Amino acid sequence: QVQLVESGGGLVQPGGSLRLSCAASGLSPDHYYIGWFRQVPGKEREGVSCISGSGGIIHYADSVKGRFTISRDNAKKMVYLQMNSLKPEDTAVYYCGAGLSITTVQAMCVATRHVNYWGQGTQVTVSS
């Protein structure tokens, strides 16, 4: 049984940092990519960053390049998203998603139809 559980969201001031964590159980890194996605009310869910099973292939959305860093620890079955220099427009519910590695890492980040499993989400609010 696949389970994805996010944590680490909260309220932070502009320019601040947060680290999100995703505990991923029930799936093999050899067969699944993991990604972080976000959604605001009235808009479609969008890919933020995705990572291959080995961690060797990473994709970032243009809006977060240079500010966010994705990483994974397969021994601990954890995926992280370090978010620095946060902006008000980063405010959203952030979701962890897992997709079969039959496509590319970038493709999974760009099209959420490639995501097979979702976590419950964690709220990130960037405001002064």
Side-chain angles (χ1 to χ4, degrees):
Q1 180 180 355
V2 176
Q3 191 171 21
L4 304 173
V5 180
E6 303 95 335
S7 61
L11 173 64
V12 63
Q13 292 187 340
S17 298
L18 279 176
R19 189 176 85 151
L20 304 183
S21 299
C22 173
S25 60
L27 53 83
S28 167
D30 291 338
H31 301 125
Y32 283 93
Y33 303 143
I34 300 283
W36 287 97
F37 302 78
R38 65 188 181 187
Q39 188 170 23
V40 297
K43 297 186 72 175
E44 291 188 357
R45 195 169 296 185
E46 64 174 5
V48 174
S49 182
C50 298
I51 188 168
S52 64
S54 66
I57 302 173
I58 290 173
H59 174 80
Y60 293 103
D62 288 342
S63 59
V64 305
K65 280 181 181 177
R67 300 188 299 122
F68 291 11
T69 302
I70 192 171
S71 61
R72 66 189 297 168
D73 183 335
N74 288 336
K76 296 181 178 179
K77 300 182 180 180
M78 296 292 295
V79 179
Y80 307 99
L81 185 68
Q82 178 66 43
M83 305 186 296
N84 298 329
S85 302
L86 282 161
K87 305 174 181 180
E89 51 264 42
D90 294 318
T91 296
V93 178
Y94 282 71
Y95 297 89
C96 181
L100 281 168
S101 55
I102 57 176
T103 181
T104 65
V105 171
Q106 180 177 354
M108 192 182 86
C109 249
V110 171
T112 58
R113 67 179 184 275
H114 296 301
V115 177
N116 302 106
Y117 300 99
W118 292 103
Q120 83 288 350
T122 185
Q123 176 71 45
V124 171
T125 302
V126 184
S127 175
S128 55

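Model, not experiment: these values are computed from the prediction. The first residue of the sequence shown is numbered 1, and numbering continues consecutively from there.
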With distance as the sole test, does [X] use its side chain to make a donor-acceptor pair with the main-chain N or O of [Y] at under 3.5 Å?
X: Gln120; Y: Val5; value: no
X: Arg67; Y: Ser85; value: yes
X: Asn74; Y: Gly53; value: yes
X: Ser49; Y: His59; value: yes

Step through the shown structure and confirm whether more than 12 heavy atoms of other residues, nucleotides or ligands are within 6.0 Å of CD on Glu44.
no
Looking at Asp62 and Lys65, is any side-chain nitrogen of the basic one under 4.0 Å from a carboxylate oxygen of the acidic one?
yes
Nearest 0.5 Å, what's the [atom1]-[atom2] distance between [X] and [Y]?
X: Ile34; Y: Ile70; atom1: CD1; atom2: CD1; result: 8.5 Å
X: Leu18; Y: Met83; atom1: CG; atom2: CE; result: 4.5 Å
X: Ser63; Y: Asp90; atom1: OG; atom2: CG; result: 7.0 Å
X: Gln13; Y: Leu86; atom1: CD; atom2: CG; result: 11.5 Å
X: Glu46; Y: Gln39; atom1: CD; atom2: CD; result: 9.5 Å
X: Leu20; Y: Ser7; atom1: CG; atom2: OG; result: 8.0 Å

Would you call the rings of Phe37 and Trp118 parallel, tilted or perpendicular if under 30° counts as parallel and over 60° as perpendicular?
perpendicular
Tell me whether [Y] is reachable from [X] by hopping between hydrophobic residues (I, L, V, M, F, W, Y) whose side-chain heavy atoms are closer than 4.5 Å.
X: Val115; Y: Trp36; answer: no
X: Tyr94; Y: Val12; answer: yes
X: Val64; Y: Val79; answer: yes
X: Val48; Y: Tyr117; answer: yes
X: Tyr60; Y: Val126; answer: yes

Ser52 and Tyr33: which non-hydrogen atoms are nearest, and at how many Å?
CA-CD2, 3.6 Å
Provide the closest heavy-atom pair for Gly47 versus Ala61 in the form atom of the first, atom of the second, distance.
O-CB, 3.5 Å
Please tabulate, for side-chain N and O atoms in residues 95-112, each donor-acceptor pair with protein atoms closer than 3.5 Å (sequence neighbours left out).
| residue | atom | partner | partner atom | Å |
| --- | --- | --- | --- | --- |
| Ser101 | OG | His31 | O | 3.1 |
| Thr104 | OG1 | Ala107 | N | 3.0 |

Taking C-beta and beyond as the side chain, do Arg38 and Thr91 meet within less than 4.5 Å on heavy atoms?
no
Go through the steps to decide whether Asn116 and Tyr32 satisfy the test side chain to side chain contact (heavy atoms under 4.5 Å, CB included), and finish with yes or no.
CA-CA 9 Å; Asn116 302 106; Tyr32 283 93; 4.3 Å; yes
Can you name the residues that form a side-chain contact (heavy atoms from CB on, under 4.5 Å) with Gln82, not counting sequence neighbours?
Ser17, Arg19, Thr69, Asn84
